[in-house]
Amino acid sequence: MNIVWFKRDLRVWDHATLAAAAASGPVLPLYIVEPDLWAQPDLSARHYAFLSESLIALSASLASLGQPLIIRTGDAVDVLATLAAEHAVTSIYAHQETWNGWTYDRDRRVNAWARRAAITIYESQQHGVHRAMASRRGWASKWNAMMRQPVTPAPAWLTPVPAQTASLPTAAELGLAPDPCPQRQPGGRPAGIAQLKSFLKERGRGYRFEMSSPVTAPTSCSRLSPYLAFGCLSMREVYQASQRRRDALREANQSPGVGGLGAADLTAGPRDRTSWLKSLTSFNSRLHWHCHFIQKLEDEPEAEFRAFHPAYREWQKDTPDAAARLLAWQTGQTGYPLVDACMRSLAATGWLTFRMRAMVMSFASYHLWLDWRRPALYLARQFVDYEPGIHYSQCQMQSGITGINTIRIYNPVKQSQDQDKAGHFIRNWVPELAAMPDALVHTPWLKPALAPDYPAPLVDEKLARKQAASQIYAIRRTATHSHAAKHVVAKHASRREGGITTHRDPGPSAKATAPQSACKQMDLGLESP
């Protein structure tokens with residue numbers, strides 16, 4: 001008997017471990033609800049709701065193959081040991097997982113138990129993340145090679161196994177606090193496939209130029225990030241689907257009316273198809289970035305808890321009113337309209353586009369002068385697509401503590417004027433500003449009588465930005481900073497290989513940033529693609 005242990009790979013298609021296990025004998029497909037995992041400070045009820053829907057979809061897919069999903073609740077070692085004794089298990093199949101620190105420690109415990117029990121664990125690579133890499137050299141070519149491999153089909157049939165399953169515990173039973181997220185994306189592979197199809201056929205046309213603004217991004221972005229984070233879709237199938245779409249568009253440019261395109265594409269001109277191609281190129285870059293950043297956490301698991309650069313690990317930033325500042329930021333009461341609109345939108349939807357994620361993190365770390373870990377943990381709980389490898393690297397980047405990236409202090413007023421010029425997004429999420437004219441919706445403190453229920457700015461933007469830049473650049477000018485930064489570059493910085501640069505981005509339109517004197521790296525967002 002083989003156990004296939006599902007973690008964040010909730011699908012049957014392009015699931016190498018399921019295919020390998022099914023080829024070698026009967027399969028017991030297992031998901032373990034681990035109460036201790038859900039007690040961790042980076043997880044929330046919105047994550048569990050998405051997971052629950054994804055598990056229902058996964059079980060339906062497995063049932064159509066002959067064997068539904070088996071659900072157990074408890075410690076992974078205890079659950080696996082019980083099932084191994086009940087079913088004479090000889091092997092456990094699972095995907096490699098690069099996730100939070102708790103799961104890293106859990107996997108080490110499971111591996112130690114398996115060795116003692118003489119049970120073999122087979123782990124397959126899921127994303128373009130590689131274990132035990134001596135250096136980043138060759139990483140991009142490895143990513144390309146993996147993504148071009150054929151997608152693994154689902155097994156034709158699974159032999160039914162007489163094993164009892166359990167009901168999923170409720171969020172309350174796991175001790176998760178109420179977390180209403182009324183506009184959250186639904187979980188499960190069918191919802192992910194629908195998003196992929198609509199993005200590649202309709203919504204993605206303006207992706208390249210519309211992904212930054214909170215007005216256009218909810219439609220123009222792929223919205224695939226939670227389905228990749230929970231493994232409802234595989235990175236490889238998304239990559240290959242985007243390549244097929246790009247090939248069809250190129251063929252249509254050469255021979256209009258062919259290429260298997262939809263009716264809208266047949267009537268579109270070459271200029272429109274060229275716009276599509278540019279957007280798909282940008283999307284493809286983000287698929288690379290997804291794995292590039294998870295690789296950082298694979299290579300340095302401590303990045304979840306400490307800065308990449310040692311100069312910032314003991315940095316004490318908090319002000320006497322840090323708790324009040326953090327609460328105002330969390331609840332969208334900072335007095336800066338775009339920041340507040342983003343935080344309120346995030347609470348209701350579980351999603352923000354990359355530019356806005358970068359801005360709210362930058363504002364918390366620089367303007368409010370909060371220790372990066374506090375806002376990072378809050379955002380982790382809010383983002384339904386929370387992916388630790390991407391999340392913590394980006395939180396550190398937007399806080400200026402990697403030691404190697406350009407310091408970017410987003411000006412929330414400039415971002416507001418650039419990304420929501422007419423104030424549509426702001427008025428939608430901050431109704432207190434409904435009476436503000438367009439000219440003042442970004443700076444309501446200039447006429448507070450029009451918005452009596454909206455708070456005054458929590459800090460002076462220009463002064464806070466200047467003070468933050470002064471302090472962080474003082475650290476960068478120390479004699480030891482450059483030496484340590486070289487080690488960070490050697491271990492984590494991207495390489496240009498195979499025509500791919502895994503970290504470039506057009507960067508923010510706002511020019512209100514600190515001086516660009518550090519190692520250059522363009523701005524990235526916190527979102528998985």
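Excluded from the calculations below are hydrogen atoms, water molecules and symmetry mates; all remaining heavy atoms, backbone and side chain alike, are included.
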Practice prompt. Could you please spell out the steps behind the salt bridge (charged side-chain N to carboxylate O under 4.0 Å, His left out) verdict for Arg106 and Glu97?
Written response: CA-CA 11 Å; Arg106 174 254 277 145; Glu97 185 177 36; 3.3 Å; yes
For [Y], is there an ion pair with [X] - N to carboxylate O distance below 4.0 angstrom?
X	Y	value
Glu237	Arg244	no
Asp42	Arg381	no
Arg46	Asp385	no

Side chains of [X] and [Y] only: does a donor on one sit below 3.5 Å from an acceptor on the other?
X	Y	value
Arg223	Gln185	yes
Gln183	Thr349	no
Thr402	Asn405	yes
Gln195	Arg203	yes
Asp179	His47	no
Arg236	His127	no
Asn2	Ser24	yes
Gln125	His95	no
Thr216	Glu210	no
His15	Asp9	yes

Worksheet entry | Trp139 six-ring face occupied by Arg136 cation (under 6.0 Å, within 45°) | yes
Discussion item. Quick check with a 6.0 Å cut-off and a 45 degree axis cone: is Arg245 positioned over the face of Trp276's six-membered ring?
Written reply: yes
Practice prompt. Go through Lys7 and Glu34 one step at a time and tell me if the salt bridge (charged side-chain N to carboxylate O under 4.0 Å, His left out) criterion holds.
Written response: CA-CA 11 Å; Lys7 298 177 186 177; Glu34 301 165 276; over 6 Å; no
Could you grab the distance from atom [atom1] of [X] to atom [atom2] of [Y], nearest 0.5 Å is fine?
X	Y	atom1	atom2	result
Leu80	Arg72	CG	CZ	10.5 Å
Cys342	Gln415	SG	CD	9.5 Å
Gln295	Lys142	CD	NZ	10.0 Å
Leu69	Leu168	CG	CG	8.5 Å
Cys232	Glu53	SG	CD	10.0 Å
Gln382	Leu352	CD	CG	9.5 Å

Fill in: Heavy-atom closest contact (Ala241 atom, Leu196 atom, distance)
CB-CD2, 4.1 Å
Worksheet, complete the sentence: Tightest non-hydrogen contact, residues Gly128 and Trp143, listed as CA-CD1, 3.6 Å
Worksheet item: Looking only at atom types and distance, does a side-chain atom of Ser54 sit under 3.5 Å from a main-chain N or O of Gly188, one as donor and one as acceptor?
Response: yes
Worksheet entry | Residues Arg205, Asp272; criterion salt bridge (charged side-chain N to carboxylate O under 4.0 Å, His left out); working and verdict | CA-CA 8 Å; Arg205 189 187 310 271; Asp272 195 45; 2.3 Å; yes
Worksheet entry | side chain to side chain donor-acceptor pair (under 3.5 Å) assessment of Arg208 paired with Ser279 | CA-CA 5 Å; Arg208 185 176 189 181; Ser279 287; over 6 Å; no
Can you find a pair of side-chain heavy atoms, one from [X] and one from [Y], that are under 4.5 Å apart?
X	Y	result
Trp429	Asp340	no
Asn144	His288	yes
Phe6	Leu58	yes

Practice prompt. Would you confirm whether the ring centroid of Phe199 sits within less than 6.0 angstrom of the ring centroid of Phe283?
Written response: yes
Worksheet item: Any chance the rings of Phe230 and Phe50 have centres within less than 6.0 Å?
Response: yes
Worksheet item: Aromatic rings Tyr48 and Trp38: how do their planes relate, parallel, tilted or perpendicular, breaks at 30° and 60°?
Response: perpendicular
